[in-house]
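Take a look at the structure set out below.
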Amino acid sequence: MHADLVEDGPYRFRIEPTGAMRVPGVLFASRELLAPAENAIEQVAHVAALPGVVEASYAMPDVHLGYGFPIGGVAATDPREGGVVSPGGVGFDISCGVRLLAADTDASGLAPALRDLMDGLDPVIPRGMGKGAVWHLPGRRDLTGILTGGARYAVEQGHGNERDLRRCEDAGAVADADPGQVSERAVERGARQVGSLGSGNHFLEVQRVAEVYDADAAGAFGLRPGQVCVMIHCGSRGLGHQICTDHVRAMEAAMPRHGIEVPDRQLACAPVDSAEGRAYLGAMAAAANYGRANRQLLTEAARRVFRRVAGARLDLVYDVSHNLAKLEEHVVDGEPRRLCVHRKGATRALPPGHPDLPPDLREAGQPVLIPGTMGTSSYVLTGVPGAPAFSSTCHGAGRVQSRHQAARGVGGRQLRAALEEQGIAVRPSSWRGLAEEAPDAYKDVSAVVEAAEGAGLCRKVARLVPLGVVKG
DNA sequence: ATGTTC
């Protein structure tokens, strides 16, 4: 256990400010969940040193080592006090996130068609490193609609419906995207990948609602026990990666000019109200829209297969990002302030009654979608009133082994056989990629969710189990 | 996460 960590409540630890830290560190977790994340705890303290940071540098129960910021980190800065935005606080996969679709059929009814369904999804869900996409776009002009319009643009082009957009964070498009801040190289990489899962922990899973903890909230979300669901986990692909690379470089060069020093060069940042800060936020918003359009197009690909093979419909439950910085209003020390909230491997979790929720979700709160490790449960949570960390919670299981370590363990073929033995159909894109996602490489997602709920960050609504996984 | 080290 980290020497400077003090237990401060249920599932709550604190690091008192020392050295360059401007605020404390606050970690929501059990000792067991923090034990494999020693190096990430150091990163929580580093983030607390950022100019303009307010309240605390927070860590969610799935915290682990990331680029500069920990994955599972939440930090807000006040632009009026020189607060910065840092690409490392969002991550390379800008707006990586999850969407959940609910089918109008139960698992028992779908069982005879499951194999055909998986075989139908296999060839139409592009995935793996660099390979294939639902849309192919020649270049910048064609990408502009996606970069500014996100899922809304995809729907306008005939890929989805208006109801989908009401069930997306920000109604499917982040405002203030600036395609002019997206480099030619980022556009080139992005143009070939619109509508693709990518690799790593990204997937499309066919799931069954195994358990409902809150029937009222589940009902509002359109979920019931036994129901079939589809969960899509993907991000902004090479476009987001290139944008992060470009803007980290620009901010590194500009930091001396802004008189900013940080404990780790991976925390490269610039004031929100500076040319570099605005440039990054404009490009980041464009990548966020790309990520949402990506998930919208994969939704349509899945819908076509479900209709054809099973005669089933898929309705959007919600689409939410796990990697984003947003300008939001929060009350700090009794004062409403406009803050730049970084969530990296963390989920916004709006409480019941929040004005940004669509009317049909307002009573229940925002659906929070938590993908589990391959072959294990995923969760649907919801926000709670008065939650700490700027209404944020966990985002997934959280790695404990590097990809390299994981690949030295169980082989991909062996892993697939074990999952098929459990009745889970697996359609991988590579054996190596599958091995890197072995469940042993992750924390127990149920323990993460228990800690998040126990710390008062969110409430459990439902647990989903996999029937079949299309693996990135 | 990522044309898995421009």
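Lettering follows sequence order; numbering is per chain, from 1.
When side chains are defined from C-beta on, A/L101 does not count as touching A/F306, because their heavy atoms never get closer than 4.5 Å. A heavy-atom distance below 4.5 Å is found between the side chains of A/V194 and A/L143.
Between B/dT4 and A/R403, no contact under 4.0 Å exists linking OP1 or OP2 to a side-chain N or O. Between A/S199 and B/dT2 there is a side-chain N or O to OP1 or OP2 distance below 4.0 Å.
Atom CD of A/E188 is separated from atom P of B/dT2 by 18 Å (rounded to the nearest Å). What separates CD of A/Q242 from C1' of B/dT2 is a distance of 10 Å, to the nearest Å. A/R189 has its CZ atom 11 Å from the C1' atom of B/dT4, to the nearest Å. Atom NE2 of A/H404 and atom C1' of B/dT5 are 15 Å apart (whole Å). For the pair A/Q193 CD and B/dT4 C1', the interatomic distance rounds to 13 Å; values are reported in whole Å. Computed from coordinates, the A/L197 CG to B/dG3 P distance equals 13 Å when rounded to whole Å. If you measure from atom CZ of A/R185 to atom P of B/dG3, you get 12 Å, rounded to the nearest angstrom. Regarding A/E436, its CD atom lies at a distance of 13 Å from the P atom of B/dT4, rounded to whole Å.
Side-chain polar atoms of A/R127 and A/S429 form no donor-acceptor pair below 3.5 angstrom. Judged by distance alone, the side chains of A/Q296 and A/R99 do bring a donor and an acceptor atom under 3.5 Å apart.
The main-chain N or O of A/F69 is found under 3.5 Å from a side-chain atom of A/K344 such that the two form a donor-acceptor pair.
Atom CD of A/E420 sits in a crowded spot, with more than 12 heavy atoms from other residues, nucleotides or ligands closer than 6.0 Å.
The stretch residues 89-99 of chain A touches DNA chain B through A/F92, A/D93, each having a heavy atom within less than 4.0 Å of the strand.
A/E276 contributes atom CD, which lies 5.0 Å from atom CZ of A/R257 (distance to the nearest 0.5 angstrom).
In this structure, A/G238 reaches the sugar-phosphate backbone alone: every heavy-atom distance under 4.0 Å involves primed, P, OP1 or OP2 atoms, never a base.
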